[in-house]
S.K.: 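One structure coming up, written as structure tokens, with questions to follow.
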Amino acid sequence: MDGLPPFHQTNVLLLKGPRTQNPELRSHFLSSRALGDTDTFTATPAYALRLSSSGVPAGVGGFNGVYSLASMKMIHAQMIKMPGKWSSDDHLAKSLIRHYVNLGDDRSAASVLLLGLARSNVRWNSFSEELKDFSQLPVRILEVFDDLHRKGMVFDARIFAVALRVCTYVLDLWLGVVIHACVIKRSLDSDAHVQRALMNFYERCWGIERANRVFNEMPKREDVVWNEAVKLNVKHEQWVRALELLREMQYSCMKVKGTTTVRVLQACGKLKALAQGKQIHAHVLRFGMESSVPICNVLISMYAKNGELELAGAVFNSMEDRNLTSWNSIISAYASFGFLDDAWNHFHKLKSSTIKPDIVTWNCLLSGHTLNGSYEDVLTILRMMQIYGIQPNSRSITCGLQSVIELGLLPHGKEIHNYVIRHDLDCDVYVGTSIVDMYAKRDCLDIARAVFNNLKSKNIFAWNSLISGYSFKGHLQDAENLVGQMEDAGIKPDIVTWNSMVSGYSMWGHTEKALDMIHQIKLSGLTPNVISWTALISGCSQNGKYRESLEYFIQMQEEGIKPNAVTISTVLQSCGGLSLLQKGKEIHCLSVKNGMTRDVCVATAIIDMYNKSGSWRSAHKVFKRIHKNSLASFNCMIMGFAMYGLGKEAISLFHEMCSIGITPDAITFTAILSACKNSGLVNEGWEFFDKMSRDYNVTPKIEHYSCMVDLLGRAGYLDETWDFIQKMPLKPDATIWGALLCSSRIHENIEYAEIAAKNLYELEPDNSANYVLMMNLYAMSNRWKDFDHVKELMNSAGLKNGQAWSWTQIDHTVHHFSAGQSTHPDCGEIYFELYQLISQIKKLGYVPDVSCVYQDIDDVEKEKVLLSHTEKLAITYGLMKRKGSAPIRVIKNSRICSDCHTVAKYISMLRKCEIIIKDGVRFHHLSKGNCSCKDCW
DNA sequence: ATTTGCGTGC
């Protein structure tokens with residue numbers, strides 16, 4: 001038989017019949033040699049039948065009609081007699097199956113599959129095409145199996161294995177278990193085929209855990225089964241289990257397949273199991289597998305995911321052959337760790353080679369830039385891709401959308417949305433969710449909702465994005481309704497859903513409701529986390545409820561939740577808001593202890609806290625200690641100097657900032673103009689105001705104009721101020737008129753004051769300060785009739801003169817002094833001390849400034865009124881209780897009066913102490929008889 | 001066999 005075409009091949013030709021269009025094959029079939037074959041196998045009746053009945057040439061085209069079921073069965077019987085000849089050939093089996101099915105005999109087709117597969121090395125998966133066409137085949141196979149089983153046929157392990165494969169295919173959960181029982185009964189469960197089939201059956205039908213259990217219970221497990229177990233565990237992302245299996249395999253010197261090595265290295269990447277990964281790398285080298293490109297590729301990825309970029313690079317450099325995946329792996333490694341230059345270098349090297357970058361290459365670059373926060377570059381790369389003719393896919397688009405969200409570029413976002421629709425990417429879950437998120441974050445709630453409604457699969461991310469959008473905008477009822485709809489849709493709100501709600505309620509001032517939500521989270525079986533608490537704390541802080549925010553901060557820690565950098569920044573803001581220097585210091589310590597001071601936001605918040613708590617020196621110390629100061633920290637420190645009237649320092653810091661390459665923004669200019677304003681630096685102020693739009697392309701906003709009005713007005717240039725207001729391109733708001741009113745009062749210009757006041761009464765009718773300023777001005781000018789008129793106006797608006805108060809902190813207690821109230825327990829002693837101080841400073845030249853009292857009373861009475869000013873009481877108490885040389889810190893809710901200011905200066909000289917007063921607008925740092933404000937406020 | 005693996009809350 002040697003040298004002749006094998007029998008089974010000839011049969012394939014026969015069975016395939018008319019489909020054999022290949023002329024060469026036809027001629028082969030018709031050749032004398034082929035005919036010679038038939039002589040050898042005359043025992044094949046159908047073959048003989050066909051040849052004899054049709055004559056050779058005619059028969060070629062007419063197979064279909066010629067074959068009867070009977071002749072098919074005869075051929076089949078012939079084949080079974082010679083199992084060795086066709087056992088490893090699935091083409092023949094496939095032809096046989098097709099013919100049986102075409103002839104309407106599914107059962108025979110099924111038995112060919114069952115028995116044929118069992119006797120051959122043919123893999124079940126290679127029949128998937130046939131199964132697609134004949135969907136009833138698997139069930140028939142199981143019927144045949146069952147039938148033969150009942151008839152008492154003794155199956156071998158292979159038949160059970162095939163039956164299990166079929167059970168897996170049709171997801172017949174129970175038959176598979178029954179077969180498993182039979183297999184155990186017949187002690188066939190140590191067969192490798194059966195074991196693999198069992199693993200696959202349990203994995204598909206009962207889950208990976210059950211599969212692992214069955215694996216553990218197997219008597220003797222061959223290497224292939226171990227490899228299979230690793231494969232399935234990696235598929236189910238059971239990384240730990242996969243690694244355990246491999247460890248045991250290595251321990252018992254089993255053969256680890258290349259594919260298994262690849263899969264386990266993937267596990268090491270995901271798990272960040274560097275030691276394991278290195279060990280497998282050693283294994284790879286020991287068995288000489290380092291020439292395998294896929295193994296090296298996955299090694300690069302594994303090292304990259306473990307942050308070992310040098311090792312990743314070393315593997316890449318050691319490779320003799322590289323494919324596109326190798327390049328993608330190394331580019332991804334560098335890009336994802338922010339080594340963008342290295343990533344681009346490799347990208348260019350790749351481009352100059354013969355291999356072409358693909359979408360994955362570009363996506364690696366995109367996600368690297370996205371992670372690195374280089375959002376503008378992401379958009380540039382997307383444009384480059386289009387130039388190179390690479391169509392961005394869903395993953396590229398998600399990077400693009402994220403960048404657009406961060407940059408706040410809604411038009412670009414809409415452009416991407418358009419692209420998404422045109423390229424049918426909107427069915428991608430990630431893309432869809434990102435688009436919803438983008439519109440929700442850019443205040444386009446209606447569009448967000450429309451996109452959301454069109455999503456094919458609405459996952460929790462999409463729901464949360466939308467809910468967060470509504471909640472953020474203050475549409476809290478809509479947000480609550482959405483949570484209800486989400487539950488109706490069968491999605492349980494998670495901690496993020498709740499946090500969005502906590503944050504919305506808290507941010508919009510409903511802090512009790514937000515706290516209530518925190519309790520609801522507990523009731524729903526979840527635990528409020530640091531973000532939930534921070535949402536509550538931050539909402540309080542933003543709404544000026546600083547005390548509450550600090551209380552919740554304590555409560556959070558009592559519940560065992562550790563604050564993070566955001567929490568710390570937020571509570572530092574609250575401390576600053578209350579000027580609680582002690583508490584602020586405590587939190588500063590806490591952040592140092594937890595290594596959070598490296599966080600830019602925390603560092604900036606610390607600076608801000610010290611500035612607002614009256615300790616610009618501490619702020620400056622922290623500022624100088626930061627290695628890489630950001631725009632925000634510079635802005636903060638410049639603003640700090642501004643608040644203390646340290647104009648020159650502010651200006652020099654501005655120049656320092658520019659010299660190290662940080663570009664000032666609108667906030668910087670607000671800060672620097674405030675600094676000029678608080679130090680009376682008119683020329684410098686003008687210079688900066690001109691410079692901001694000319695040199696830095698920052699268009700002045702209302703707050704910048706307001707600073708200028710304040711600066712010019714207070715310096716006494718009232719006509720210029722008026723002129724400036726007339727010429728400004730923006731409609732003057734309350735801050736502008738307020739600044740004009742203040743300046744007019746200082747310089748006793750009733751004309752401008754009245755214009756300003758008239759506007760203010762309209763713009764902010766409820767602000768009593770405007771009425772009071774006007775009354776003061778009339779009192780100063782002895783225009784008591786006008787005084788009474790404003791008073792009436794104020795009364796009829798239902799307003800009262802705001803309560804003036806001051807406070808100072810001694811140890812951990814805040815001592816509060818309110819105007820007209822003598823409620824402090826040490827009140828008598830304080831007045832006694834104050835009288836003594838006043839008589840002592842009078843000897844140094846102090847003269848009470850009775851012009852500060854706007855009441856129609858005589859000077860002796862006025863002097864008494866001056867003594868009751870709350871800041872004097874607070875300063876006196878501070879002096880009485882102070883320890884060592886610590887400065888006395890007083891916080892006051894309204895502007896300090898000129899008499900108190902003078903008194904404080906004298907006291908600082910008399911008692912050689914520092915006094916720091918925070919009034920309604922700024923700080924006064926008094927020492928040795930001088931004030932940091934240089935008497936300009 | 002191998003590479004990108006993304007999206008929600010402070």
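Just so we're clear, the structure is a prediction, and the values are computed from it rather than from any experiment. By convention in this document, chain letters (A, B, ...) are assigned in the order of the sequence lines, proteins followed by strands, and residues within each chain are numbered from 1.
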S.K.: For residues 343-352 of chain A, which residue pairs pass the salt bridge (charged side-chain N to carboxylate O under 4.0 Å, His left out) check, not counting sequence neighbours?
M.R.: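 Sorted result for residues 343-352 of chain A: empty, none.
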S.K.: Only distances under 3.5 Å count here; give the side-chain donor-acceptor pairs of residues 277-291 of chain A to other protein atoms, sequence neighbours excluded, each with its distance to 0.1 Å.
M.R.:
| from | atom 1 | to | atom 2 | distance (Å) |
| --- | --- | --- | --- | --- |
| A:Q279 | NE2 | A:Q250 | OE1 | 2.9 |
| A:H281 | ND1 | A:Y303 | OH | 2.7 |

S.K.: Tell me which pairs pass salt bridge (charged side-chain N to carboxylate O under 4.0 Å, His left out) where either residue lies in residues 318-336 of chain A, with sequence neighbours left out.
M.R.: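 For residues 318-336 of chain A: none.
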S.K.: For A:K492, which residues count as a salt bridge (charged side-chain N to carboxylate O under 4.0 Å, His left out) partner, sequence neighbours excluded?
M.R.: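 Applying salt bridge (charged side-chain N to carboxylate O under 4.0 Å, His left out) to A:K492 gives none.
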S.K.: Going by atom types only, do A:N393 and A:D428 share a side-chain donor-acceptor pair under 3.5 Å?
M.R.: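 Absent: no donor and acceptor within the cut-off.
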S.K.: Can you check the A:L371 CG to B:dC6 P distance for me, whole Å?
M.R.: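 After rounding, the reported distance stands at 9 Å.
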S.K.: Starting from P on B:dT8, measure out to CG on A:L482 and report it in whole angstrom.
M.R.: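 Distance check: A:L482 CG to B:dT8 P gives 18 Å.
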S.K.: To the nearest angstrom, how far is A:H369 atom NE2 from B:dT4 atom P?
M.R.: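 The answer, rounded to whole Å, is 18 Å.
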S.K.: Can the ring centroids of A:H369 and A:W344 be said to lie less than 6.0 angstrom from one another?
M.R.: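 Close enough - the centres of the two rings lie under 6.0 Å apart.
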S.K.: Quick one: salt bridge (charged side-chain N to carboxylate O under 4.0 Å, His left out) pairs with a partner in residues 497-517 of chain A, sequence neighbours left out?
M.R.: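 As it turns out, the salt bridge (charged side-chain N to carboxylate O under 4.0 Å, His left out) pairs with a partner in residues 497-517 of chain A, which skip direct neighbours, are A:E480-A:K513.
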S.K.: What integer distance in Å separates A:N323:CG from B:dA1:P?
M.R.: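 After rounding, the reported distance stands at 13 Å.
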S.K.: For A:R196, is there an ion pair with A:E222 - N to carboxylate O distance below 4.0 angstrom?
M.R.: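 Answer for the salt bridge query: no.
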S.K.: Output the rounded distance in Å from CD (A:Q402) to C1' (B:dT8).
M.R.: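 From A:Q402 CD to B:dT8 C1': 11 Å.
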S.K.: Identify, residue by residue, the members of residues 415-443 of chain A with a heavy atom below 4.0 Å from DNA chain B, and return them in order of residue number, or none.
M.R.: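 A:V429, A:Y430, A:T433, A:S434, A:D437, A:K441 - these, ordered by number, are the residues of the stretch whose heavy atoms sit under 4.0 Å from the strand.
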S.K.: Mind checking if A:D358 touches a base, just sugar-phosphate, or nothing, with heavy atoms under 4.0 Å?
M.R.: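 Result for A:D358 = nothing.
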S.K.: Would you say a side-chain N or O of A:Q266 is under 4.0 Å from OP1 or OP2 of B:dT3?
M.R.: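 True: A:Q266 side-chain N/O within range (under 4.0 Å) of B:dT3 OP1/OP2.
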S.K.: With the threshold set at under 4.0 Å for non-hydrogen atoms, list the residues of residues 375-400 of chain A touching DNA chain B in residue-number order.
M.R.: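 Heavy-atom cutoff 4.0 Å gives A:R395, A:T398.
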S.K.: For a quick check of understanding: with a heavy-atom distance under 4.0 Å over all strands, which category does A:K305 fall into, base, sugar-phosphate or nothing?
M.R.: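 Sugar-phosphate only.
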S.K.: Of all residues at least two apart in sequence or in a different chain, which pass the ring pair (Phe, Tyr, Trp, His ring centres under 6.0 Å) check with A:Y430?
M.R.: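 With neighbours one apart ignored, the set is empty.
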S.K.: Which residues pass the ring pair (Phe, Tyr, Trp, His ring centres under 6.0 Å) test with A:Y470, sequence neighbours left out?
M.R.: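 Result, ring pair (Phe, Tyr, Trp, His ring centres under 6.0 Å) vs A:Y470: none returned.
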S.K.: Could you tell me how far apart A:W498 (CH2) and B:dC10 (P) are, to the nearest whole angstrom?
M.R.: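 Those two atoms, CH2 and P, are 17 Å apart.
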S.K.: Distance check needed: B:dG5 C1' versus A:E237 CD, whole Å only.
M.R.: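 Going from A:E237 (CD) to B:dG5 (C1'), I get 10 Å.
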S.K.: It should be established whether A:T261 places a side-chain nitrogen or oxygen under 4.0 Å from OP1 or OP2 of nucleotide B:dA1.
M.R.: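 False: A:T261 side-chain N/O out of range (4.0 Å or more) of B:dA1 OP1/OP2.
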S.K.: Please list all pairs meeting salt bridge (charged side-chain N to carboxylate O under 4.0 Å, His left out) that have one or both residues in residues 539-562 of chain A, counting only residues at least two apart or in different chains.
M.R.: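 Passing the test, one end in residues 539-562 of chain A: A:K522-A:E559.
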S.K.: Out of B:dT8, B:dA1, B:dT2, which nucleotide sits closest to the side chain of A:N297?
M.R.: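 Side chain of A:N297 sits closest to B:dT2.
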S.K.: What nucleic acid atoms does A:S292 come within less than 4.0 Å of, heavy atoms only: base, sugar-phosphate, or nothing?
M.R.: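 The residue A:S292 makes base contact.
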S.K.: Please give me every residue in residues 527-560 of chain A whose heavy atoms get under 4.0 Å of an atom in DNA chain B, ordered by residue number.
M.R.: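 DNA chain B contact set from residues 527-560 of chain A: A:N529, A:I531, A:T534, A:A535, A:S538.
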S.K.: Using ring pair (Phe, Tyr, Trp, His ring centres under 6.0 Å) as the criterion, list what pairs up with A:F337, not counting sequence neighbours.
M.R.: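 If we apply the ring pair (Phe, Tyr, Trp, His ring centres under 6.0 Å) test to A:F337, skipping adjacent residues, there are no hits.
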S.K.: Output the single nucleotide from B:dT8, B:dT4, B:dG9 whose closest atom is nearest the side chain of A:C364.
M.R.: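 The listed nucleotide nearest to A:C364's side chain is B:dT4.
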S.K.: B:dG9 C1' sits how many Å from A:I518 CD1, rounded?
M.R.: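 About 12 Å, once rounded to whole Å.
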